[in-house]
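Have a look at the structure below before the remarks.
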Amino acid sequence: RSRAKEFVELYDQVQTSVGLLDSLESFLSTFQRDLSAVSGQISDLQSRSRDIESRLKSRRKIEKPLSGLISGLTLPPDLVTIILDTDVGEPWILTVADFERRLEALGARGRVRAARDLGEVAEGLRIVAATKLRAFFLALLQPIRASMTTNMHVMQTTLLLKYRPLYAFLLRHAVSVATEVQKAYVAAARTYYETGFRRYMRSLGWIKTRTTEKDVGLVSALDSPEKQTETYLERLVHARIEGPGVTLAYMADDKTYKEPVEALLRSALLVLMDNGTSEYVFVTTFFAPEPELPPSHAPQVVSSHLFSPALLSTPLPADDAVSDPATDVAPVTPRPRERTDSVFSNESLRPASHLSKEEQTVLNAVWKQIMDPALEHAKTFAQAALEPSPPVIPLLTMIRLTEEVMNETQKRGCQPLESFVFGLRLQMWPLFQRAMTDQIEGLKKAAEGAGGGYFRRAATTSDGAMTTICKRYVALFLCLVILTEQSEETMIFSNLLRLRQELTKLIEAHTTKLSEASARARARSTIYEELVQGLTRAFRTAPNHSRAQSELIYWREKEEGARNQSR
């Protein structure tokens, strides 16, 4: 009993503990249920997370195509502002390229409603752009129409080629406007070149009339044995493109200024070659068709160094406007410089080679429309230079010049101009053959006259005349060999062989007037020795040529034979 109170307290504590345990059991049961619910929610969230991640990946895959689609179906406000509210300038190059790509995108998505709705706006912008570009290009051509002081090639490189991507836009999206621009350029350039070449060739014609040169031939020494022999050696430089500067138009104002006919023809052909080939490069570059749109990351850039800035402007007069033939004035041009290089010294500057045959034919026709008047003026001057026929050496110099110009034109890829120069060359060869035949016939007649006969009047051939004839022969042979690089050129050396045979007959006929055989042999030996010495001196500075050696051997053998007969 004394501890009953303790037992009662212990009982109460046990009851309290049992209550607490019951409460804890209830709490744990509730917690377990809540934990199961949270676990289910976590599993649901994980499932939703995987689904969201899958959807995100799918959307990321279509993000770029969708962005491109939206971008292609919109026209940025700055693009529209530039086309509608600004004049054509450098910003238009990239803007029009961007606009053209958007036009292509709208055309490719014609079934999309948004593309159809925006297509009407884009078409309006295309019309505005084509209208402004038409006015812009026609305005660029106005200085060419208005004044000959405009440098055509500077205009081409700094302006026209710079804005060539805009013309390509017209080619693809406004063909009628591109055709109108092309026709306007052809008309302006045709007038420009026609006026310039007419004046330049007229100036060369004035200079040509101041010098009348006749082919005196070898036998002319019979009439004037004291006349000094002309060798033409200093004039052989006109057979090459590299050499002295061309004759400029203002030089015709000096009444005392003279140039040999081959120098004038060289000036005419070089000016024609430089202007013709540079114009051909421009035509085949600027007007070449471009069916494909340039890539967006690589805007078209045309080099501003495609042509030399001083080609046609050098020989052309500096008047204020294109004048008619009856009111032209003498030109004013800068001082000539020695010609050491040309616009096409860089091998990378060539006409477009990716063109098809049909496209090349079309562009050749465009070039011919532009250059036909210039070609006619050049042809007229070339024909005037050949009438009367020049002497043999200047004539062959002109032939070699045409060959040089033709080869250079072929390297530059200007086919129409190459055909034109080839035609000039074909006209010159018959004249050369006729001139050589006259030389041969002259020696033949002189030899027949010197030999006398029943029905012939004996011609007077003095020793001085024979010396002059021999000097002329040496000079002629030297010049022809220098102008002939190929040792197997039949026309040249067959004529020289005939000429040598007739000269041998003339020498023999000249010495037959001596009664004694030894005197005749000594006279022939003296003439042969003069020929050997003349050829030896002449070919010391001349290039080594097999024909020169054979010529020396021939006359040396003739001299030795005559010397042996005189003993």
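We number each residue from 1, following the sequence as shown.
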| request: Without swapping roles, check the side chain of Arg210 against the backbone of Ala252 for a donor-acceptor pair under 3.5 Å. | output: yes
| query | Between Thr150 and Met152, is there a donor-acceptor pair closer than 3.5 Å when you use the side chain of the first and the backbone of the second? | reply | no
| Distance-minimising heavy-atom pair for Leu171 and Ala288 | CD1-O, 3.7 Å
| Is the NZ or CZ atom of Arg500 positioned over Tyr554's six-membered ring, under 6.0 angstrom from the centre and within 45° of the axis? | yes
| query | Can you check whether Leu531 reaches Ile507 side chain to side chain, under 4.5 Å on heavy atoms? | reply | yes
| request: Using the salt bridge (Lys or Arg N to Asp or Glu O under 4.0 Å) rule, take Glu560 and Arg556 through it: C-alpha gap first, then chi angles, then the decisive distance, then the call. | output: CA-CA 6 Å; Glu560 291 177 357; Arg556 192 172 287 119; 5.7 Å; no
| request: Check the pair Arg400, Glu403 against salt bridge (Lys or Arg N to Asp or Glu O under 4.0 Å), reporting the backbone distance first and the verdict last. | output: CA-CA 5 Å; Arg400 296 309 184 201; Glu403 293 174 351; 3.0 Å; yes
| said: To check you understand the geometry: which heavy-atom pair defines the closest contact between Thr277 and Met273, and what is its length? | reply: OG1-O, 2.5 Å
| query | How about Gln383 and Glu387: does a side-chain donor come under 3.5 Å of a side-chain acceptor? | reply | no
| said: I'd like to know if the side chain of Trp367 reaches the main chain of Gln415, judged simply by a donor and an acceptor atom lying under 3.5 Å from each other, with no hydrogens or angles considered. | reply: no
| field | Heavy-atom side-chain contact between Gln427 and Lys379 under 4.5 Å | value | yes
| Met398 and Ala385: which non-hydrogen atoms are nearest, and at how many Å? | CE-CB, 4.2 Å
| said: When you measure from the side chain of Arg145 to the backbone of Thr191, do you find a donor-acceptor pair of N or O atoms at a distance under 3.5 Å? | reply: no
| At what distance, to the nearest 0.5 angstrom, does CG of Leu503 lie from CD of Gln439? | 11.5 Å
| At what distance, to the nearest 0.5 angstrom, does CG of Leu496 lie from OG1 of Thr484? | 7.5 Å
| Where the side chain of Thr211 meets the backbone of Ile207, is there a donor-acceptor pair that is under 3.5 Å apart? | no
| query | Donor-acceptor pair, Ser267 side chain versus Val246 backbone, under 3.5 Å? | reply | no
| message | Using a 3.5 Å distance criterion without hydrogens, assess whether the side chain of Ser389 forms a donor-acceptor pair with backbone atoms of Leu386. | response | no
| With no hydrogens and no angle check, do the side chains of Trp429 and Gln433 hold a donor and an acceptor under 3.5 Å apart? | no
| query | Looking at CG of Leu160 and CE of Met155, how far apart are the two atoms once the value is rounded to the nearest 0.5 Å? | reply | 7.0 Å
| Centres of the Phe381 and Tyr200 rings: under 6.0 Å? | no
| Where the side chain of Arg198 meets the backbone of His377, is there a donor-acceptor pair that is under 3.5 Å apart? | no
| task | Give a yes or no on whether the ring-centroid distance for Tyr163 and Phe137 is below 6.0 angstrom. | result | no
| field | Shortest non-hydrogen contact between Arg425 and Met406, atoms and distance | value | CD-CE, 4.2 Å
| field | Steps toward side chain to side chain donor-acceptor pair (under 3.5 Å) verdict (Trp555, Glu551) | value | CA-CA 6 Å; Trp555 293 113; Glu551 187 73 10; 2.7 Å; yes
| query | Side chain of Glu359, backbone of Ser356: donor and acceptor closer than 3.5 Å? | reply | yes
| Minimum side-chain heavy-atom gap Ser525-Lys558 below 4.5 Å | no
| message | side-chain contact (heavy atoms from CB on, under 4.5 Å), that's the test. Do Glu279 and Asn275 meet it? Break it down for me. | response | CA-CA 6 Å; Glu279 184 64 27; Asn275 285 280; over 6 Å; no
| For the rings on Tyr185 and Phe286, is their centre-to-centre separation under 6.0 Å? | no
| message | If you compare all heavy atoms of Pro416 against all heavy atoms of Tyr280, which two are closest, and at what distance to 0.1 Å? | response | CD-CE1, 3.8 Å
| Output field: ring centroids Tyr257/Tyr250 closer than 6.0 Å | no
| message | Between Thr409 and Glu418, is there a side-chain donor-acceptor contact under 3.5 Å, judged purely by atom types and distance? | response | no
| Exam field: side chain Lys208 to backbone Ala384, donor-acceptor pair closer than 3.5 Å | yes
| Within a radius of less than 6.0 Å around CZ of Phe136, do more than 12 heavy atoms belonging to other residues, nucleotides or ligands occur? | yes
| task | State, with a plain yes or no, whether a side-chain heavy atom of Thr467 is found less than 4.5 Å away from one of Lys471. | result | yes
| query | Any luck finding a side-chain donor-acceptor pair between Gln501 and Arg498 under 3.5 Å? | reply | no
| Check against salt bridge (Lys or Arg N to Asp or Glu O under 4.0 Å), Asp274 and Arg412 | CA-CA 10 Å; Asp274 278 350; Arg412 299 182 185 187; 3.1 Å; yes
| request: Check step by step if salt bridge (Lys or Arg N to Asp or Glu O under 4.0 Å) holds for Arg190 and Glu194. | output: CA-CA 6 Å; Arg190 180 185 177 94; Glu194 191 279 332; over 6 Å; no
| task | Before giving the answer on side-chain contact (heavy atoms from CB on, under 4.5 Å), spell out for Leu395 and Glu262 the whole-Å C-alpha distance, their side-chain angles and the decisive distance to 0.1 Å. | result | CA-CA 8 Å; Leu395 185 55; Glu262 63 269 27; over 6 Å; no
| query | Going through the checks in order, is the side-chain contact (heavy atoms from CB on, under 4.5 Å) test met by Asp438 and Arg434? | reply | CA-CA 6 Å; Asp438 292 341; Arg434 189 185 309 162; 4.2 Å; yes
| field | Spatial distance of atom CG (Leu236) from atom CG (Leu480) [nearest 0.5 Å] | value | 9.5 Å
| field | CA sep, side-chain torsions, deciding dist, call: Leu499, Phe477, side-chain contact (heavy atoms from CB on, under 4.5 Å) | value | CA-CA 10 Å; Leu499 196 65; Phe477 184 86; over 6 Å; no
| field | Closest non-hydrogen atom pair, Arg199 against Met148 | value | NH1-CG, 3.7 Å
| query | OG1 of Thr284 to CD of Gln360: how many Å apart, nearest 0.5 Å? | reply | 7.0 Å
| note | Output for pair (Thr209 OG1, Leu204 CG), nearest 0.5 Å, gives 11.0 Å
